[in-house]
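Report on the following structure.
Order of listing sets the numbers, starting from 1, for every ligand and every atom in it.
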Amino acid sequence: MSISDSISTIHGVGPKTEKLLQKLGVYTIEDMLLAFPRDYKKIPGISSINQIQGEREYVFRVQIVGTPVIKRTKNLQLVIARASDQTGVIEAVWYHMPYLKNQLLQKRECILYGKTVYKNGSYQMEQPEILGIDQYHGMCDGLQPVYNLTKGITNKQYTKYLKEALESLWKERDFLPLSIRIKHGFMDRNEAIRAVHFPENMESLTTARQRLVFDELFLFLLKMQRFKEHNSRIPNHFPLPQDNYGAELLQKLPFPLTKAQKRALSEMEQDLEGPDTMQRLLQGDVGSGKTILAYLLMVRMAKSGRQSAIMAPTEVLAKQHFDTFFGWNEQFGLEIPLILLTGSLTAKQKKVAYQKILDCPDAMIIGTHALIQEKVVYQNLALVVTDEQHRFGVRQRETFSGKGMEQPHVLVMSATPIPRTLAIILYGDLDISVVDELPAKRLPIKSCVVGINQRKTSWNFIRKEIAQGHQAYVICPLVEESEDENTELEDVITYTQKLKKYFPDFSIAYLHGKMKPAEKNDIMERFAANEIQILVSTTVIEVGINVPNATVMMIENAERFGLAQLHQLRGRVGRGDAQSYCIMINGSDSDRAKERLEILNQSNDGFEIAGKDLKLRGPGDFFGIRQSGMMEFAIADIYQDADVLKLAFDEVKDYETRCLDDPAQVDELLETQLERELERQEKRINL
Ligand code: ADP
Ligand code: MG
């Protein structure tokens, strides 16, 4: 078995399981090895049976009493055993595992590890693991991985597959040059991969993770460095005339720009009029109004007879931009051709779009990844804008900026609040403009963090808002019901049913990443038109969606999201003149969770939130809640790993200098790894 083999080579992975794994983005053994645990748990200490205090995980050291029995019903086969310790007796039940009967008979004294459930007046254990006493003690230091899974695969099953997948690693050589490994005392890569899945203790997990974070950041920065090398200072092939047209446009705007918007706009216009091609990052918190700025630049390009294109990470967002631009064009009395190009267009529609791109030298083109496909030939592309840049791989951004005949101006937009020092590293050579102000008329969003006992109250609150003509979002962490016995997370499908029962008079729909783009578009359009009042969604809604009439954002299991992500979600409301609200339901009783969410409760400023979040996190906090919504790294977290980022940056510069001095220094193994990593990055983002 080798790491590039299909997962179907693993024992027990048949066609059905393979499909499920593919849903998780796991196609090869390597995919599986590099899909890191989302959390870890420690095996609990031994309790006595008379200490049971509810439906929870317990470990009991027991004797099996009497002979276990096998019971058969129509479609169930149960093994039932009675087990006792000095303090009491408990019944344990297993489904469809008749062979356990003999195993239990031989065991007599053993450890039962599993969840208690209350049934018919007493507690039972359901499907507990049966462990030997020594085996249990051997596991006590270790951490058990918990994976992001989908219905149909249990954590136990997945862990078993993973153990087998690890065996393929012995053939793999470490790609990181030995000198770097020694210098920083890094763990061997294979060892690190093994330890990150099955750490012996916290310390080995930390060391292992450090190594993998370095790898990821090193490869990312290496790519950035190269991207920048052939991009730095290119003469401006498409200078804009320095006329009054920009100022005239501003007169016609439906709202005055904020000071920050004006400043950023003038910085960008200077680029476009100046001697060098623009290479700029436009950073601005959610709702700060970046879209209109991109639009204004694109209009000026069109006016000077050139094409421009804006790429969005999702179809829904691309469609939204198209509609918005269409509206603005009408309002301004502009007759600029607009072209929409997304993956879900039919082959015929695509052909029409390609032809239009060839025929209209002054078109404004709006789309998704479809914009960078080979088939698309631009004839006069002068400006490329990437919206929500963190949702694209480095290579995709590079391809986009390589689409013109001559190097077009490049603008990337991002709501990720990154301190300047980190931004300079992460974005290579890009100049940075910041929109650090929200439009004036906005009322600050009112937030609150409540427990699940306030769910009904929150629903009633939503009812009131809807009665006034507004709309609401409800976010759940899962798409469908989870099989993982240890989670009680809300899921979009079940939640929608519950809401429909509670609000029979409202139109309610759901949205999640696994739906077809056309379906998603349809739902979003109906939500935008207020034909749907409550939209239940996963975090797919987090990027860029703009429905100003929505005034409530309710987030279930808020404790499960990164603060940056919660901030993004909250940014979906408060986009119009009406007062908006964000209700975070905290499904955990931990003080830490409360403290974290409190940060969000008290601040509306992305920068401040990210900073405080970092301060609150301790050494063991790098798993569980990841800062997704920032940049799509598999394991690195740019905030927490800022030090490693700087380290990797220095090593990348070093490596590049060596290679420039002496091409024989180019490391083949490393270069291959870089290509593979870039592919994985794209796959991951598109998941
Ligand atoms: P983001 O920066 O998060 O992409 P958008 O560009 O979607 O934000 O803008 C959010 C909303 O604010 C949009 O409805 C937009 O039309 C509006 N908007 C943008 N600039 C202003 C402004 N200066 N005054 C009032 N509303 C504005
Ligand atoms: Mg936006």
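- With a heavy-atom cut-off of 4.0 Å, Ala440 does not touch ligand 1 at all.
- Here the heavy atom of the protein found nearest to atom 13 (C) of ligand 1 is Asn546 ND2, 3.4 Å.
- The closest approach between a heavy atom of Gly571 and any atom of ligand 1 is not below 4.0 Å.
- Two residues are said to be in side-chain contact when any heavy atoms from C-beta on lie closer than 4.5 Å; Glu273 and Pro239 fail this criterion.
- Every atom of ligand 1 is numbered from 1 in the order shown, and the set under 4.0 Å from a heavy atom of Pro256 is 22 (C), 23 (N), 24 (N).
- Residue Gly284 places no heavy atom under 4.0 Å from ligand 1.
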Side-chain donor-acceptor contacts of residues 247-255 below 3.5 Å, not counting sequence neighbours, with atom names and distances?
none

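- Side-chain polar atoms of Arg263 and Ser433 form no donor-acceptor pair below 3.5 angstrom.
- Counted by atom type alone, Gln396 and Thr399 present zero donor-acceptor pairs between their side chains at under 3.5 Å.
- Of all atoms in ligand 1, numbered sequentially from 1 with element shown, those under 4.0 Å from a heavy atom of Thr258 are 23 (N).
- A ring-centre distance under 6.0 Å is found for His369 and Phe392.
- Here the heavy atom of the protein found nearest to atom 7 (O) of ligand 1 is Arg575 NH1, 3.1 Å.
- Considering backbone and side-chain atoms alike, Gly287 places an N or O below 3.5 Å from some N or O of ligand 1.
- Those atoms of ligand 1 with a heavy atom of Val286 less than 4.0 angstrom away are 3 (O).
- For ligand 1, one of its N or O atoms has an N or O atom of Lys290 under 3.5 Å away.
- Closest protein heavy atom to atom 9 (O) of ligand 1: Gly289 CA, 3.6 Å.
- Between Asn546 and the choices Arg575, His321, Gln320, Arg572, the side chain to side chain donor-acceptor pair (under 3.5 Å) rule is met once, by Arg575.
- Protein heavy atom nearest atom 4 (O) of ligand 1, with residue, atom name and distance: Thr291 OG1, 3.6 Å.
- Considering only non-hydrogen protein atoms, atom 22 (C) of ligand 1 sits nearest to Phe255 CD1, 3.3 Å.
- Within the 4.0 Å heavy-atom cutoff, Ala415 does not count among the residues contacting ligand 1.
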List the atom pairs, with distances to 0.1 Å, where a side-chain N or O of residues 468-479 and a protein N or O form a donor-acceptor pair under 3.5 Å, not counting sequence neighbours.
{"unit_1": "His470", "atom_1": "ND1", "unit_2": "Asn549", "atom_2": "O", "d": "3.3"}
{"unit_1": "His470", "atom_1": "ND1", "unit_2": "Asn549", "atom_2": "OD1", "d": "3.2"}
{"unit_1": "Gln471", "atom_1": "OE1", "unit_2": "Asn549", "atom_2": "ND2", "d": "2.8"}
{"unit_1": "Gln471", "atom_1": "NE2", "unit_2": "Phe527", "atom_2": "O", "d": "2.6"}
{"unit_1": "Gln471", "atom_1": "NE2", "unit_2": "Ile532", "atom_2": "O", "d": "2.9"}

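- Checking each of Asp276, Thr277, Asn236 against His409 for a side chain to side chain donor-acceptor pair (under 3.5 Å) leaves exactly one that passes, namely Asn236.
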Apply side chain to side chain contact (heavy atoms under 4.5 Å, CB included) to the pair Gln225 and Phe649, showing each step before the final yes or no. CA-CA 9 Å; Gln225 184 79 7; Phe649 187 53; 4.2 Å; yes
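- In terms of protein heavy atoms, atom 17 (C) of ligand 1 is closest to Arg442 NH2, 3.5 Å.
- Between Glu269 and Arg300, at least one side-chain N (NZ, or NE/NH1/NH2) sits under 4.0 Å from a carboxylate O, which counts as a salt bridge.
- The protein atom (non-hydrogen) at minimum distance from atom 20 (N) of ligand 1 is Gln261 NE2, 3.0 Å.
- Remark: side-chain polar atoms of Ser603 are paired, donor with acceptor, to backbone N or O of Asp605 under 3.5 angstrom.
- The shortest N/O to N/O separation between Pro439 and ligand 1 does not fall below 3.5 Å.
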